[in-house]
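Have a look at the structure below before the remarks.
Counting convention: from 1, in listed order, for ligands and their atoms alike. All figures in this text were calculated on a predicted structure; none of them were measured in a lab. Numbers here simply count residues along the sequence, with the first being 1.
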Amino acid sequence: MSYLATRMSQEVNGVSKLHGEVSQGMFNKLWPGYLKEELFIGYVTNGVHHPTWTAPEWKAIYKELTGSINFDQTDRSLWEKLYNLEDKKVYEIKTGLKKSLFSNIRKRLQSDMIEKHVSPHTLLSISSHLNEKALTIGFARRFATYKRASLLFRDLDRLARIVNNPEKPVQFIYAGKAHPNDGGGKDLIKKVFEISQMPEFAGKVIFLENYDIELAKYLTRGVDIWLNTPTRPLEASGTSGEKAVMNGTIHFSVLDGWWVEGYRAFAGWALPKKRTYENQELQDDIDAETIYNMLEFEIVPAYYSFNKEGIPAEWVSLIKNTMVKIAPEFTMKRMIDDYFEKYYSKLFIRNKYLINNNFEKAKELAAWKKTMKDEWDNIEVLSYSFERAGENVYRSGHDYRAEIALDVKKIPKENVGVEFIVTHLGKNGEHEFVASEEFKLISSKSGKCLYRASLVPEKAGSFFYGIRIYPKHKDLPHKQDFYLLRWID
Ligand SMILES: *Cc1c(COP(=O)(O)O)cnc(C)c1O
């Protein structure tokens with residue numbers, strides 16, 4: 001279906017920068033001869049609707065600071081006013097939101113557990129362990145296996161030590177649903193539930209059923225940290241972390257999806273984007289280990305760093321940074337603006353242009369495409385030369401010259417593009433795009449055209465080059481829109 005949709009669409013975009021890049025790789029086979037980096041596939045990073053996902057308590061603050069409930073979300077200086085808010089006030093709002101989350105959880109647990117015939121003893125134990133003062137970490141989403149919901153359970157002894165630290169307790173709240181046909185996802189839920197019922201995790205690891213938008217609102221607002229641990233690079237964007245940052249809930253995630261763009265130092269935590277291991281089991285181990293270490297040595301101490309007034313100043317600064325530096329970049333407003341600028345406006349204008357005067361331009365373009373298709377293979381290469389360095393090694397700063405002569409026959413010379421492409425070999429032996437440059441038409445006489453280009457490598461090293469011709473027309477939106485391509489060398 002994606003291939004079909006891609007073939008039928010003029011524009012295609014991923015839903016985050018990384019997803020755009022991953023998509024270029026996934027769809028490269030539709031346009032052989034182009035390197036994935038050259039594809040027209042772009043991105044608009046997903047965002048969330050600020051008024052829907054922001055707690056009323058925060059909305060009141062925005063109203064106070066900006067003078068309006070519907071403040072202009074594109075104006076970064078309005079968000080920055082949050083820095084003027086007293087630490088005490090920030091902390092009060094956040095603890096208040098946690099309180100309402102917990103009373104909601106108590107209600108839910110009661111009905112859930114009674115239905116499941118969980119013993120009153122277990123129920124009481126969970127309920128009484130739920131601690132409003134404790135660092136509370138939320139993990140809630142679809143239980144698709146790539147989201148690795150059970151990553152934290154790889155070393156239960158270590159996890160038990162972290163959550164049961166008497167001075168600095170930590171609790172985890174899980175929620176989610178699996179697709180009915182996703183056995184792996186259902187097994188994950190079972191595992192989380194079983195662990196939540198173990199005595200050492202009673203009230204420390206909590207699983208909530210029936211994850212829906214209402215629960216998502218309570219959770220993203222009420223917890224202290226929002227955790228996301230996807231298998232790289234399978235998280236296209238992710239949005240629940242964006243809902244969290246709107247509410248000063250600090251995000252802790254693998255650098256995947258939106259977080260690649262969202263992460264800022266002193267405004268959240270990240271696990272590296274690059275995999276260390278090919279083997280997924282080993283990767284899961286090292287990721288779990290990294291999370292335990294970061295929790296134990298960095299995150300938990302920051303959360304419990306109370307000053308004389310009983311305010312964790314370091315933590316509050318993380319909250320403020322989250323809301324000022326990250327949240328404004330991931331609103332629906334920013335997303336719509338991006339779509340408008342990158343796509344909608346362009347397509348709207350183009351549509352008018354093509355359909356105007358009974359589809360005049362569309363008909364012209366279609367006729368042109370037909371002629372090009374018929375004539376393209378008649379283009380003849382008369383000669384070409386490229387100043388080569390030995391063994392494909394090029395010196396930086398040197399001017400390497402290329403020349404090519406074509407007989408373009410019946411095709412108007414302005415409709416033939418000639419370019420050279422420079423690549424280098426990546427780790428997997430794949431050609432990676434380095435640069436491209438268009439040849440200049442030097443002279444032409446009855447179809448015979450001479451082109452010249454020169455390349456000055458910015459970096460020395462081992463490169464490959466190729467010469468390519470493609471059809472050119474001012475009304476083509478991009479090269480892949482009309483896929484006729486020929487590599488000369
Ligand atoms: C936001 C939301 C999601 C998506 O969560 P991700 O972490 O982005 O996968 C799923 N379900 C509900 C109910 C949500 O509110």
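- Using a 4.0 Å cut-off between charged nitrogen and carboxylate oxygen, K190 and E194 count as a salt-bridge pair.
- Screening residues 26-42 for side chain to side chain donor-acceptor pair (under 3.5 Å), with sequence neighbours left out, gives Y3-K29, E38-R468.
- Salt bridge status for R148 with D287: present, with a side-chain N to carboxylate O gap under 4.0 Å.
- For W79 (side chain) and Q73 (main-chain N/O), a donor-acceptor pair under 3.5 Å exists by modelled atom type.
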May I have the N/O to N/O pairs between ligand 1 and the protein that fall below 3.5 Å, each with atom names and distance to one decimal?
from	atom 1	to	atom 2	distance (Å)
ligand 1	7 (O)	R141	NE	3.1
ligand 1	7 (O)	S240	OG	2.4
ligand 1	8 (O)	T239	N	2.6
ligand 1	8 (O)	T239	OG1	3.3
ligand 1	8 (O)	S240	N	3.2
ligand 1	9 (O)	K147	NZ	2.6
ligand 1	15 (O)	K243	NZ	2.6

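- Salt bridge status for D187 with K191: absent, with no side-chain N to carboxylate O gap under 4.0 Å.
- Classification of K369 and D481 as a salt-bridged pair holds, one side-chain N sitting under 4.0 Å from a carboxylate O.
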